[in-house]
Amino acid sequence: MIKNIVFDMGKVLVNYDGMNVCRHHIADEKDREQVCTAVFISPEWVLLDMGVIPEDQAMKQICGRLPERLHEAARLCMRDWHLYCMSTMWEMEPVVRGLKAHGYGIYLCSNASLRLRQCYRQVIPAVDCFDGILFSAEEKVMKPQKEIYERLFEKYGLRPEECLFIDDLQLNIDGAKACGMDGYCFADRDVERLKEELRKRLAGGESEAQAGRKPETLAGREPAIQASVEPAAPAGKLSGAGSTDERISGQVV
């Protein structure tokens with residue numbers, strides 16, 4: 001029985017495009033591409049997500065691959081990336097709030113650098129609904145390594161068989177399954193399809209918070225599953241949002 005939903009961040013709850021900050025700071029298209037590759041598609045970006053290198057050291061190594069005339073642009077892109085490269089996927093807010101309203105534990109497991117601790121509350125939809133947030137840099141392990149999933153279970157007292165993991169990369173789903181946690185690959189970013197998948201997977205059982213309620217008939221339960229991913233508004237019910245990582249080789253995952 002599924003009691004907890006574990007979300008990835010990049011391209012599941014948050015849009016990400018490393019080129020955005022480069023467009024802001026760099027006029028020439030070829031220079032933008034060169035800096036974007038050097039900064040965001042780099043070994044240093046992965047090491048930052050692993051939490052094993054400080055930003056100043058990463059920047060020094062990145063500049064070593066760039067002509068001197070692009071050093072300042074690269075530093076600006078590194079300094080400001082979190083301001084330009086991420087935006088909230090608002091269409092996911094009613095999904096998260098609906099699941100929370102029906103008693104499911106809500107968690108986040110993301111490959112992300114220490115920078116995210118400073119800003120994640122500004123970009124994650126329904127962030128107040130999360131019961132636990134785990135970033136790879138703080139744990140010094142990354143998806144799809146088994147250790148990061150084991151750390152998640154241990155840190156928050158979760159049973160893997162009671163969790164469903166939603167990520168945009170199949171290799172991360174495979175890593176979770178190897179640890180006993182089922183998953184759904186959200187690579188197509190089709191929110192309606194995700195809702196349907198949640199209805200199917202959650203229709204077979206209730207969350208722990210619902211377990212004490214009077215048993216419902218299957219017909220009576222279906223509206224609750226529907227509501228859990230399409231919550232209605234007021235009187236104690238949840239409204240939808242107004243408008244609305246992990247990286248391997250620079251790709252937010």
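For clarity, every value in this text was computed on a predicted model and none was experimentally measured.
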According to a hydrophobic-cluster definition based on side-chain heavy atoms being under 4.5 Å apart (Ile, Leu, Val, Met, Phe, Trp, Tyr only), do [X] and [Y] belong together?
X: V52; Y: M142; value: yes
X: M50; Y: L108; value: yes
X: W45; Y: L83; value: yes
X: Y104; Y: V191; value: yes
X: Y120; Y: Y84; value: yes

Is the side chain of [X] donor-acceptor paired with the backbone N or O of [Y] at a distance under 3.5 Å, no angle test?
X: H71; Y: C63; answer: yes
X: S136; Y: D49; answer: yes
X: D131; Y: G105; answer: no
X: R121; Y: V127; answer: no
X: S42; Y: V39; answer: yes
X: R32; Y: A27; answer: yes

Enter the distance from [X]:[atom1] to [Y]:[atom2] here, rounded to the nearest 0.5 Å.
X: L198; Y: I2; atom1: CG; atom2: CD1; answer: 10.0 Å
X: I5; Y: L164; atom1: CD1; atom2: CG; answer: 4.5 Å
X: F153; Y: C109; atom1: CZ; atom2: SG; answer: 8.5 Å
X: R75; Y: D56; atom1: CZ; atom2: CG; answer: 11.0 Å
X: M181; Y: K146; atom1: CE; atom2: NZ; answer: 14.5 Å
X: M59; Y: L66; atom1: CE; atom2: CG; answer: 7.0 Å

Side-chain heavy atoms of [X] within contact of [Y], under 4.5 Å:
X: M9; Y: F135; value: yes
X: M78; Y: E44; value: no
X: F165; Y: C179; value: no
X: I26; Y: C77; value: yes
X: V96; Y: F130; value: yes
X: Q34; Y: D28; value: no

task: Show the numbers, then the answer: is there a side-chain contact (heavy atoms from CB on, under 4.5 Å) between H82 and L116?
output: CA-CA 8 Å; H82 63 289; L116 267 296; over 6 Å; no
Could you walk me through whether K3 and L158 pass side-chain contact (heavy atoms from CB on, under 4.5 Å), step by step? CA-CA 9 Å; K3 299 179 181 179; L158 306 177; over 6 Å; no
Smallest separation among heavy atoms of [X] and [Y], with atom names:
X: N15; Y: M89; answer: OD1-CG, 3.3 Å
X: P144; Y: L171; answer: CB-O, 3.3 Å
X: L194; Y: M92; answer: CD2-CE, 3.6 Å
X: V14; Y: R189; answer: O-NH2, 4.5 Å
X: L13; Y: P125; answer: O-CD, 3.3 Å

Legend entry - Side-chain donor-acceptor contact under 3.5 Å, H24 with D80: no
| message | Could you check whether E138 pairs with K155 (Lys NZ or Arg NE/NH1/NH2 to Asp/Glu carboxylate O, under 4.0 Å)? | response | no
| field | Pair R23-D17, side-chain contact (heavy atoms from CB on, under 4.5 Å): steps then yes or no | value | CA-CA 11 Å; R23 294 188 187 99; D17 183 354; 3.5 Å; yes
Check the orientation of Y107 and Y156. Use parallel for under 30°, tilted for 30 to 60°, and perpendicular for over 60°. tilted
Q57 meets the side chain to side chain donor-acceptor pair (under 3.5 Å) criterion, sequence neighbours left out, with Q61
Hits for side chain to side chain donor-acceptor pair (under 3.5 Å) against E33, two or more places apart or cross-chain, chain-then-number order -> none
Begin with the C-alpha distance, continue with both residues' side-chain angles, and end with the deciding distance and a verdict on salt bridge (Lys or Arg N to Asp or Glu O under 4.0 Å) for D128 and K100.
CA-CA 10 Å; D128 56 295; K100 185 68 174 179; over 6 Å; no
- Query: Is there a side-chain contact (heavy atoms from CB on, under 4.5 Å) between V35 and F40 once you walk through the steps?
  - Reply: CA-CA 8 Å; V35 170; F40 301 115; 6.0 Å; no
With E197 as partner, the option from K200, R201, R193, R199 fulfilling side chain to side chain donor-acceptor pair (under 3.5 Å) is R201
